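One structure is given below, encoded as C-alpha cells.
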Number of protein chains: 2
Amino acid sequence: MTDPLTASTPLERALALLWGRDTRGSRGPARGLTLDRIVEAAIEVAEREGPAAMSLRRVAARLGVGVASLYTYVPGRAELEALMLDAVAIGRTLPHEWPGDWRAKLTALAHDDWREIRRHPWVLELGTAEQVPGPNMLRWLDSALRIFDGTGLSEPEKLSAIETVDAYVRGLGRLRRPGADRPASGAGPTAASGTATEAATEAAAESESEDTRERDQVLGRLVDFDDYPALSRALAAGGTPYSGAPFEFGLERLLDGIEQLVLRRSA
Amino acid sequence: MTDPLTASTPLERALALLWGRDTRGSRGPARGLTLDRIVEAAIEVAEREGPAAMSLRRVAARLGVGVASLYTYVPGRAELEALMLDAVAIGRTLPHEWPGDWRAKLTALAHDDWREIRRHPWVLELGTAEQVPGPNMLRWLDSALRIFDGTGLSEPEKLSAIETVDAYVRGLGRLRRPGADRPASGAGPTAASGTATEAATEAAAESESEDTRERDQVLGRLVDFDDYPALSRALAAGGTPYSGAPFEFGLERLLDGIEQLVLRRSA
DNA sequence: ACGAAACTCAGTATACCGTTCGGAGTTAAC
DNA sequence: GTTAACTCCGAACGGTATACTGAGTTTCGT
C-alpha cells in the first residue's frame with residue numbers, strides 16, 4: 001500500500017518516500033544506486049553551484065547515470081527536494097539537549113537554525129517541499145516543544161513560539177540571502193560532513209557584505225537621499241539598510257517577548 | 001549615463017530601470033508598450049496562474065506581442081521581477097501615517113504587511129530581486145523608520161526593529177504559503193485594483209487549511225505518533241503543527257520585546 | 001524633401017529544464 | 001526454462017530564458 005512511485009497525489013508520493021514506505025518487488029537486476037546517494041548528490045550540487053543549478057540532469061551526471069534512471073528512485077523533482085530538506089535536518093543537535101533553561105535552549109536553537117541556513121542557503125529557495133514534514137523534521141519539532149516543559153505555556157503557545165522563532169530566522173535568512181543564482185561562496189566540503197567550522201559562516205557573511213557594498217555604491221549614484229530624510233539619518237548614524245543589522249537584535253527582542261509571556265503564565 | 005539596457009552588471013541595470021534613468025533616443029517608431037503596462041501584465045500573470053507560471057512568454061502573449069519585443073523594454077527576467085516587487089509597494093499606506101503611538105503604528109504595519117503577502121503570495125517566490133530597493137520600497141522604509149521618532153531608540157536599532165518585523169512576517173508567510181506552483185485560489189481582480197476585501201484574504205486562508213487537512217490525513221496514516229510524545233501532546237491539545245498558530249501570537253511577542261527595549265531606552 | 005541613422009519588433013536558434021516513452025538487458029519467481 | 005518484473009537509458013516532447021539576425025518603420029539632419 002501507498003507505493004511511492006504510483007501513489008495518486010504528489011504529496012502522498014513525497015510522504016511515502018520520506019517515511020520509507022517502499023513497496024517494490026525483488027525481481028530484476030540489483031539497483032545501482034540508493035536514495036541516500038541521490039539525495040546526497042543533489043545536496044552537493046545545490047551547495048556547489050547554487051540552488052538554481054540543482055537539476056535532475058546535473059544530479060544524474062554527478063552520479064554517472066542517465067537522467068531517466070533517477071525516475072526509478074524518485075517520482076520527480078518535488079519529491080527529491082522534500083528528501084533534501086529532511087536530509088539536512090539529520091545532523092542537528094536536538095533542541096532540548098542544549099544546556100540551560102528554556103531561554104538558553106531557545107537561543108541555542110535559533111543560533112543553530114541560523115548557522116544552518118547560512119551554511120545551506122538553498123533550503124530557503126526550494127519549491128513547496130518544506131510543507132512536507134519528514135521524520136527528521138518531526139523529531140526536531142518534538143524536541144523543540146520539550147524546551148518549554150515546565151513553563152506554564154499552553155500547548156498551542158509552545159507550537160506558536162517555535163514557529164515564530166523559525167519564521168524570524170528563515171525570514172531574515174531570505175532578506176540576507178546571497179544571490180540565489182550564484183553558487184555558494186564558501187563551496188566547502190560536502191553536506192554530509194556536517195561539522196563545518198565557524199569560518200565558513202564568517203566567509204559567507206563577508207561575501208554578502210561585499211554584494212551589499214556594491215549595491216549601495218550604485219544606489220548612491222542614482223538616488224537623491226534628501227528625499228528620504230529618516231533613512232538618511234539612519235544611514236549617517238552607521239546603520240546599513242537591508243544589510244547589516246545583526247541577527248541577534250531581533251532574536252533578543254523576540255525572546256524578551258516570549259519571556260514576558262512565560263512569566264505571566266507561571267505567575 | 002547608466003543606460004539600463006546596456007549597463008554592465010544585472011544589478012546596475014535593474015537599479016537604473018527602477019529609478020527611471022532611461023536614456024533612449026527619440027528616433028524610430030513609437031513604442032507600442034510602456035514599462036508600466038508590462039509590469040502590470042506580469043503581475044496579473046503571477047496573480048492568476050501562480051508565480052511559477054510567470055514567464056516572459058506568457059507576459060508577451062498577454063500583451064499580444066512577441067517575446068523578443070519585451071527585451072527592448074527590460075533587459076531580462078530578473079529586472080522585471082525587481083520592477084514587479086517595487087510596483088506592489090506602490091499602493092500601500094505609509095507606516096508612519098497609521099494612527100496611534102509607535103506600537104499601534106508598528107502593529108498596523110505588520111498587519112498590512114501580512115495582508116499584502118497573503119494577497120500577493122508570489123512576492124515571496126521571486127528571485128534575488130528583493131535585494132534591489134526601488135523608490136517605493138525606500139519611501140516605505142523611510143516612513144517606517146519615522147514610527148520610532150520620539151522613542152529613545154538608536155538609528156541602527158530602528159532599522160533592525162523594522163527589519164525584524166519584516167523578517168517575521170515574510171518568514172511566516174513562507175511557512176504558510178499555499179502551493180507555490182498552483183495559481184492563487186481567489187484569482188481576484190487585477191493587482192492594480194489595490195483595494196481588495198478582507199474576504200479574499202479569508203478565502204486564501206480557508207483553501208490553505210484544506211491543504212493542511214489533507215496533508216495531516218496522509219501523515220496520520222504513515223506516522224506512528226507515539227514516537228513523538230511532545231508533538232502528540234500538542235496535537236491532542238488542539239494545536240496543528242506547521243499550519244495553524246495565529247500570526248498574532250508571534251507578533252505580540254515581538255512587539256512586547258521591542259516595547260521593553262523602548263522602555264529601557266526612554267528611562 | 002530625402003537619405004540614412006536609429007529604433008521596434010518578430011522569427012529563429014541555442015541551451016537548458018522536467019518528464020515520458022519505449023526498448024534492451026537482467027534477474028528472480030514460478 | 002519460461003516469463004514477468006525490474007533497471008537503466010537514449011531519444012523525444014514541450015517548456016523556459018536569452019542571443020542574434022533581419023526586415024520594416026519613423027524621425028533627424030541636411
Side-chain angles (χ1 to χ4, degrees), chain A residues 3-6 10 13-14 22-35 37-38 41-42 45-46 49-84 125-129 180-181 183, chain B residues 3-6 9-10 13-14 22-35 37-38 42 45-46 49-82 84 125-129 180-181:
Chain A
D3 179 355
L5 272 71
T6 59
R13 285 179 294 175
D22 204 333
T23 62
R24 65 175 0 90
S26 56
R27 291 196 195 179
R31 319 191 84 185
L33 296 172
T34 64
L35 208 53
R37 285 218 331 127
I38 293 175
V45 171
E49 318 187 38
M54 204 294 286
S55 71
L56 296 188
R57 292 179 133 91
R58 264 186 230 268
V59 173
R62 167 167 285 260
L63 291 167
V65 146
V67 197
S69 304
L70 293 184
Y71 282 83
T72 33
Y73 296 85
V74 170
R77 185 203 173 105
E79 290 79 6
L80 178 56
E81 290 185 353
L83 289 168
M84 291 169 68
E125 308 296 332
L126 298 188
T128 55
D181 36 1
Chain B
D3 180 355
L5 271 71
T6 59
T9 74
R13 286 178 293 176
D22 205 332
T23 62
R24 67 174 0 92
S26 57
R27 292 197 193 178
R31 318 193 84 183
L33 296 171
T34 63
L35 209 52
R37 287 220 326 129
I38 294 175
V45 171
E49 317 187 39
M54 205 293 286
S55 71
L56 296 188
R57 294 179 124 84
R58 264 188 232 269
V59 174
R62 166 167 286 259
L63 291 167
V65 144
V67 197
S69 304
L70 292 185
Y71 281 87
T72 53
Y73 295 86
V74 170
R77 184 202 173 104
E79 289 80 6
L80 178 56
E81 291 185 352
M84 292 169 68
E125 307 294 334
L126 298 187
T128 55
D181 37 359

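Quick caveat, the model's predicted, so the values are computed rather than measured. So you know, we letter chains A, B, ... as the sequences are listed, proteins then strands, and number each from 1.
As a whole-Å value, the separation of B:Leu56 CG from D:dG15 P is 16 Å. Taking atom CG on B:Leu33 and atom P on C:dT8, their separation rounds to 11 Å, with Å as the unit. Taking atom CG of A:Leu80 as the reference point, atom C1' of C:dT19 lies 14 Å away to the nearest angstrom. For the pair B:Glu79 CD and D:dT18 C1', the computed distance is 12 Å after rounding to whole Å. Computed from coordinates, the B:Leu70 CG to D:dT16 C1' distance equals 14 Å when rounded to whole Å.
Interface remark: the B:Arg57 side chain does not form any donor-acceptor pair with the D:dG15 base, using a distance-only criterion of under 3.5 Å.
OP1 or OP2 of C:dC17 sits under 4.0 Å from a side-chain N or O of A:Arg58. Applying the 4.0 Å criterion to OP1 and OP2 of D:dA19, one finds that B:Tyr71 has every side-chain N and O outside that range. Dashed line: the shortest gap from a side-chain N or O of B:Thr72 to OP1 or OP2 of C:dT8 is not under 4.0 Å. In this structure, B:Tyr73 reaches the C:dC9 phosphate: one of its side-chain N or O atoms is under 4.0 Å from OP1 or OP2. Listed pair A:Ser69 / D:dT7 fails the phosphate criterion, with no side-chain N or O lying under 4.0 Å from OP1 or OP2. A close approach under 4.0 Å does occur between a side-chain nitrogen or oxygen of A:Arg31 and OP1 or OP2 of D:dT7.
A:Gly28 comes within 4.0 angstrom of a base, heavy atoms only. Here A:Val67 lies in heavy-atom contact (under 4.0 Å) with a base. Within 4.0 Å of B:Arg77, counting heavy atoms only, lie sugar-phosphate atoms of the nucleic acid but no base atom.
The nearest pair of heavy atoms linking B:Ala53 to B:Val45 is O-CG1, 3.8 Å. Across all non-hydrogen atoms, the minimal contact from A:Val59 to A:Ala41 is CG1-CB, 4.1 Å.
Atoms CE and CG, from A:Met54 and A:Leu126 in turn, are 6.5 Å apart once rounded to the nearest 0.5 Å. Going from atom CG of B:Leu33 over to atom OG of B:Ser69 covers 7.5 Å, rounded to the nearest 0.5 Å.
Looking only at distances, no side-chain donor or acceptor of B:Tyr73 sits under 3.5 Å from a matching main-chain atom of B:Ile38.
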